[in-house]
Amino acid sequence: MSGKRTLIPDWAKRTTEDLLVTHGEGPHVVVTGISPSGDIHVGNLREVLVGEAIANALKTCGAGVHFVFHADTIDPLRRIAPGVPEEYERYIGHSVSRIPDPEVCHASYAEHFLAPFEEALRRMEIDIEVVRSHQLYEDGFYAAVTREALLHTAKLREILQKVSGRKIPEHWSPYLPRTTEGRLGGVRILEHLPEENKVIFVDEDGWEDAADYSKGEGKLGWRVELAARWKALCATFEPFGKDHTSRGGSTDTADQMAQEVFRYPVPGRYEYEWIQIRGRGAMSSSKGIVLLPGELLKIMSPDALRRMILGRDPGRALDLDLTEGFPRFMDEYQASSGQLLVPFTHLVTISQIARGDTDAAVEMLLQGGYREAVSDREKLAENLAYAHNWAQNWASEPLKLGLLELSEAVEAARGLDETQLQYLNEVASLLEGSMDGDTVQSLLYTKAAEHGLKPKQAFAAVYTVLLGRESGPKAGPFIVSTGVWLAQQRFLGVIRDTMAGGVEG
RNA sequence: GGGCCAGUAGCUCAGUGGUAGAGCAGGGGACUUUUAAUCCUCGUGUCGUAGGUUCGAUUCCUACCUGGCUCACCA
C-alpha cells in the first residue's frame with residue numbers, strides 16, 4: 001500500500017534492452033536538460049521522468065547509472081518570459097545565470113526559474129544530480145571539448161551546413177565568447193591559442209579581446225555543445241522532445257559531430273511527445289501556457305503525478321484533462337496502485353464540507369461506509385487536501401461548494417416561493433446547536449411534509465439559500481458541519497430581508 | 001514539403017493474429033429522508049479508405065484520406 005514500487009513500463013523495458021545491447025552493460029550516464037529561460041513546466045518534467053524510468057530500468061538490470069539534469073544556465077536569453085519587465089530586453093544575449101532575477105527573490109534569472117523545478121524534483125524524490133552549465137564552463141569542465149571543437153571548426157561548419165541545409169557564414173565559429181557588454185557571440189574569432197585555452201576575437205566595434213574558455217568566458221554554440229556535452233558527461237542516453245529530432249534538427253547535426261569530430265558514440269535516445277493542456281493548447285513558456293509541477297503536486301501525490309505525466313507511453317502526445325477528466329484519472333490511479341478506493345468526487349465533497357477538520361471527514365466517510373479509508377489518517381488528510389485544492393482550482397462549478405454571503409443568499413432566495421420561505425423560517429426557529437446530522441436531517445424532512453412541500457422542493461430551498469444551488473451534499477450533516485448557528489442565522493436573515501423587500505405575507 | 005502521433009460505440013479512450021471492450025452520457029427498472037446518492041438492467045459499432053500477407057486482420061505490410069503536433073537553440 002505504501003513504499004516505492006519501481007514497476008518498469010513496456011516502453012522503458014524495450015528501450016533499455018536495446019540500450020544494453022548497443023552501449024554495453026555500463027556504467028551508464030542518463031542525461032536530461034533544459035534551459036531555464038522561463039518557467040520549467042510539466043512538459044519539461046516529462047523529459048526527466050522518461051530519463052528516470054530508463055535509469056530505474058538500467059538499475060534493475062544491474063547496471064551502474066548516473067542520472068544528470070543539465071540546467072543550461074549559461075545559455076543566452078532569447079526572449080523575455082511573460083511577466084518579465086520590458087526593460088529586460090537589454091539582457092537579450094546575456095547568459096541567464098548572469099541576469100538579475102526580475103522578482104529579486106533568487107540569485108539570478110536562471111535560478112528564479114530553476115528553483116521551483118528543483119523543489120519539485122526533490123519532492124518527487126527523483127535521484128538526480130542537477131548541474132549548472134555556467135558552473136561547468138567556469139570550472140573548465142568543457143575546456144577540452146571546446147578546444148577540440150575549435151580545432152575542428154571547418155569540419156563542424158561543414159556538417160552543420162550539410163545536415164541542416166542552412167548557409168553558415170564564412171567566419172562561423174563553434175565558440176561564442178562573451179563581449180565586455182556581457183553578450184554571447186556576435187564577434188569574429190581571429191585566433192585560437194590551444195595551449196592557453198584562449199581565443200582572440202574582435203567585436204562589432206572593432207575592439208580586440210581575449211576569452212579563456214576554461215573559465216566560462218563564453219560557450220559553445222548550441223548544436224556543437226550538444227555533441228560536446230555527450231562526450232564531456234560520458235552520456236550514454238538522453239531523451240529528446242520531438243522538436244529536436246526532426247530531420248536537419250539539432251540531434252541530426254549532433255549525431256554526426258559526435259561521430260566524426262568528437263569520436264564519441266551517439267547516446268541512446270528516446271523521443272517523447274509533447275503535453276497539452278486540454279482547452280489551452282500545447283504548453284509553451286513563451287506563450288504563457290504553462291503548468292508547473294508544483295501546481296500539480298498540490299492536487300496529487302508525486303507518484304500519481306509521475307503516472308500522469310508519463311501516460312501510457314511518452315512517445316504519444318498527452319492531452320492533460322485536469323477538469324472533468326481528473327476524478328476518473330484519480331480513481332483509476334488509486335485502483336491500479338492498490339489503494340483504498342474512495343471515489344474522488346466524494347472526497348471532493350467531503351473535503352469541502354470538512355474544511356480541514358479530519359475528524360469531521362472521518363465521520364462522514366464512516367457514514368458512507370468507507371471504513372477502510374479512515375485507517376490511515378495521515379494519508380487521508382493528505383488526500384483530502386489534494387481533493388480540496390482541486391476543487392478550488394480546477395473543479396467545475398457544480399462540484400464546488402461554497403457558502404453564499406448573506407446578500408448573495410437574499411438574491412438567490414428570490415427564486416423561492418412563499419411556502420419554501422415559511423418552511424425555512426420554521427426550520428430556523430427549531431434548529432439547535434446541539435443537534436447532530438441525523439436530527440437535523442429528520443427535522444428538515446418532517447417539516448417539509450408539514451408544509452406540504454415535496455422533499456425535493458424543501459431541500460432545494462435549503463441549498464439555494466446556503467449554496468445558491470438546488471442540490472448539494474446530504475443536508476443534515478452539511479448544516480451541522482457549517483455550524484447549525486450559521487445556517488440558522490442565514491435562514492432568518494434571508495427571511496427578514498426578503499420579507500422587507502416586499503414579499504407578501 | 002520532411003518527421004512524429006492519431007483516426008475503434010453519442011463523448012473520452014482501452015485492446016488483441018482467430019467471433020470487439022471500459023468509463024461517461026443515454027434508455028428502462030428498484031429505492032423514495034433530499035444529493036451528479038445507491039442498486040439492477042440495456043451496446044451488432046463498415047474497429048479512417050483501398051489493397052496485400054495469412055486458413056483467418058480491427059490487430060502485420062503498402063498506398064492513400066483526414067486530423068493534430070513539430071521542423072527559427074522555446075520539451
Side-chain angles (χ1 to χ4, degrees), chain A residues 32-51 72 75-79 81-82 164-166 176 184-185 219-226 238-254 270-276 278 281-287 289-290 309 311-319 321 324-325 327-329 331-332 335 343 345-346 348-349 367-369 396 398-399 401 438 440-449 453-463 467 469-478:
Chain A
T32 58
I34 205 273
S35 171
S37 54
D39 284 318
I40 307 180
H41 47 67
V42 297
N44 300 304
L45 182 61
R46 197 172 216 195
E47 169 153 330
V48 175
L49 293 181
V50 166
D72 299 331
D75 278 16
L77 182 69
R78 304 201 174 280
R79 75 188 70 179
S164 75
R166 281 188 283 169
L176 313 173
L184 288 164
K219 77 180 289 281
L220 289 165
W222 156 246
R223 287 190 180 228
V224 178
E225 183 183 280
L226 182 56
E238 179 164 5
F240 281 98
K242 61 176 173 176
D243 54 330
H244 289 297
T245 58
S246 54
R247 195 154 294 174
S250 43
T251 53
D252 253 13
T253 48
Y270 185 88
E271 298 180 27
Y272 60 91
E273 264 279 358
W274 288 21
I275 297 177
Q276 312 197 349
R278 198 184 195 83
M283 225 166 298
S284 160
S285 310
S286 56
K287 283 182 197 156
I289 304 173
V290 139
I309 294 305
R312 282 183 189 78
D313 174 0
R316 291 192 190 188
L318 184 61
D319 196 16
D321 181 358
E324 286 90 48
R328 189 185 166 196
F329 167 81
D331 288 346
E332 283 177 359
T345 49
H346 193 230
V348 166
T349 303
Q367 256 183 13
S396 60
L399 283 174
L401 302 174
D438 286 342
V440 173
Q441 183 72 24
S442 138
L443 172 70
L444 291 172
Y445 185 75
T446 28
K447 289 300 149 191
L453 285 169
K454 286 183 182 164
K456 193 161 190 164
Q457 295 173 289
F459 285 102
V462 172
Y463 293 124
L467 299 171
R469 318 193 338 218
E470 298 200 341
S471 63
K474 191 159 182 168
F478 175 58

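The analysis underlying the following values was restricted to heavy atoms, covering all of them including side chains, and did not include hydrogens, waters or symmetry mates. Note that the structure is a prediction, hence the values are computed from the model and not measured. Letters go in sequence order (proteins before strands), and every chain restarts at 1.
- Atom NE2 in H244(A) sits roughly 19 Å away from atom P in C69(B) (whole-Å rounding).
- Going from the C1' atom of C73(B) to that of C11(B) covers 40 Å, rounded to whole Å.
- With both pairing distances under 3.5 Å, A75(B) is matched to nothing as a Watson-Crick or G-U wobble pair.
- Comparing the P positions of C5(B) and A14(B) gives an interatomic distance of 15 Å, to the nearest angstrom.
- Here the side chains of K219(A) and D75(A) are in contact, with some heavy-atom distance below 4.5 Å.
- Looking at heavy-atom distances under 4.0 Å, G249(A) makes no contact with the nucleic acid at all.
- Figure legend. U44(B) is base-paired to no nucleotide; pairs are counted as Watson-Crick or G-U wobble with both atom distances under 3.5 Å.
- Place F459(A) and L176(A) on RNA chain B by their nearest nucleotides, and F459(A) ends up nearer the 5' end.
- Taking a pair to require two hydrogen-bonding distances under 3.5 Å in either a Watson-Crick or a G-U wobble arrangement, G17(B) remains unpaired.
- If you check A75(B), C73(B), U70(B) against the side chain of R166(A), the one that comes closest is C73(B).
- Look at CD on E271(A): it is 8 Å from P on C4(B), rounded to the nearest Å.
- Across the protein-nucleic acid pair, Q276(A) atom CD and G67(B) atom P stand 16 Å apart, rounded to whole Å.
- Atom CH2 of W274(A) is separated from atom C1' of G3(B) by 14 Å (rounded to the nearest Å).
- Side chain of D39(A) to backbone of H41(A): no donor-acceptor contact under 3.5 angstrom is found.
- For U49(B) and U8(B), the C1' atoms lie 15 Å apart once the distance is rounded to whole Å.
- Using a 4.0 Å heavy-atom cutoff across all strands shown, D243(A) reaches sugar-phosphate atoms only and no base atom.
- For the C1' atoms, the distance linking U53(B) with A63(B) amounts to 15 Å, nearest Å.
- Within the 4.5 Å cutoff, no side-chain heavy atoms of V48(A) are placed close to those of N44(A).
- C47(B) and C13(B) have their C1' atoms separated by 13 Å, given to the nearest Å.
- Partners of K447(A) under the salt bridge (Lys or Arg N to Asp or Glu O under 4.0 Å) rule, at least two apart in sequence or in another chain, are E426(A), E450(A).
- Atom C1' of nucleotide C73(B) and atom CG of D75(A) are separated by 7 Å, given to the nearest angstrom.
- If you take atom C1' in G17(B) and the same atom in U12(B), they sit 28 Å apart, rounded to whole Å.
- When side chains are defined from C-beta on, T251(A) does not count as touching E271(A), because their heavy atoms never get closer than 4.5 Å.
- Figure legend. C69(B) is base-paired to G3(B); pairs are counted as Watson-Crick or G-U wobble with both atom distances under 3.5 Å.
- Rounded to whole angstrom, the span from the NZ atom of K242(A) across to the C1' atom of C74(B) amounts to 14 Å.
- A donor-acceptor pair under 3.5 Å links the side-chain atoms of E47(A) to the main chain of G33(A), judged by distance alone.
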Could you run down nucleotides 5-14 of chain B 5' to 3' and tag each one B, S or - for protein heavy-atom contact under 4.0 Å? SS-----B-S
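- Side chain of Y270(A) to backbone of G315(A): a donor-acceptor contact under 3.5 angstrom is found.
- Atom CD in Q441(A) sits roughly 11 Å away from atom P in U35(B) (whole-Å rounding).
- In this entry G10(B) has C24(B) as its Watson-Crick or G-U wobble partner, both defining distances falling under 3.5 Å.
- The base-pairing partner of U58(B), taking Watson-Crick or G-U wobble contacts with both distances under 3.5 Å, does not exist among the strands shown.
- Listed nucleotides: C73(B), U33(B), G3(B). Nearest to the side chain of R78(A): C73(B).
- Side-chain contact of S250(A) with H244(A): a donor-acceptor pair under 3.5 Å is present, judged by distance alone.
- Across all strands shown, C31(B) remains unpaired; no Watson-Crick or G-U wobble contact has both distances below 3.5 Å.
- Listed by chain and residue number, R166(A), R223(A), T253(A) satisfy the side-chain contact (heavy atoms from CB on, under 4.5 Å) test with S164(A) (two or more places apart in sequence, or in another chain).
- Spacing of C1' atoms, G26(B) relative to G10(B), comes out at 8 Å, to the nearest Å.
- Between the OH atom of Y445(A) and the C1' atom of U32(B) there is a distance of 7 Å, rounded to whole Å.
- With both ends at atom P, the span from A75(B) to U70(B) equals 13 Å, rounded to whole Å.
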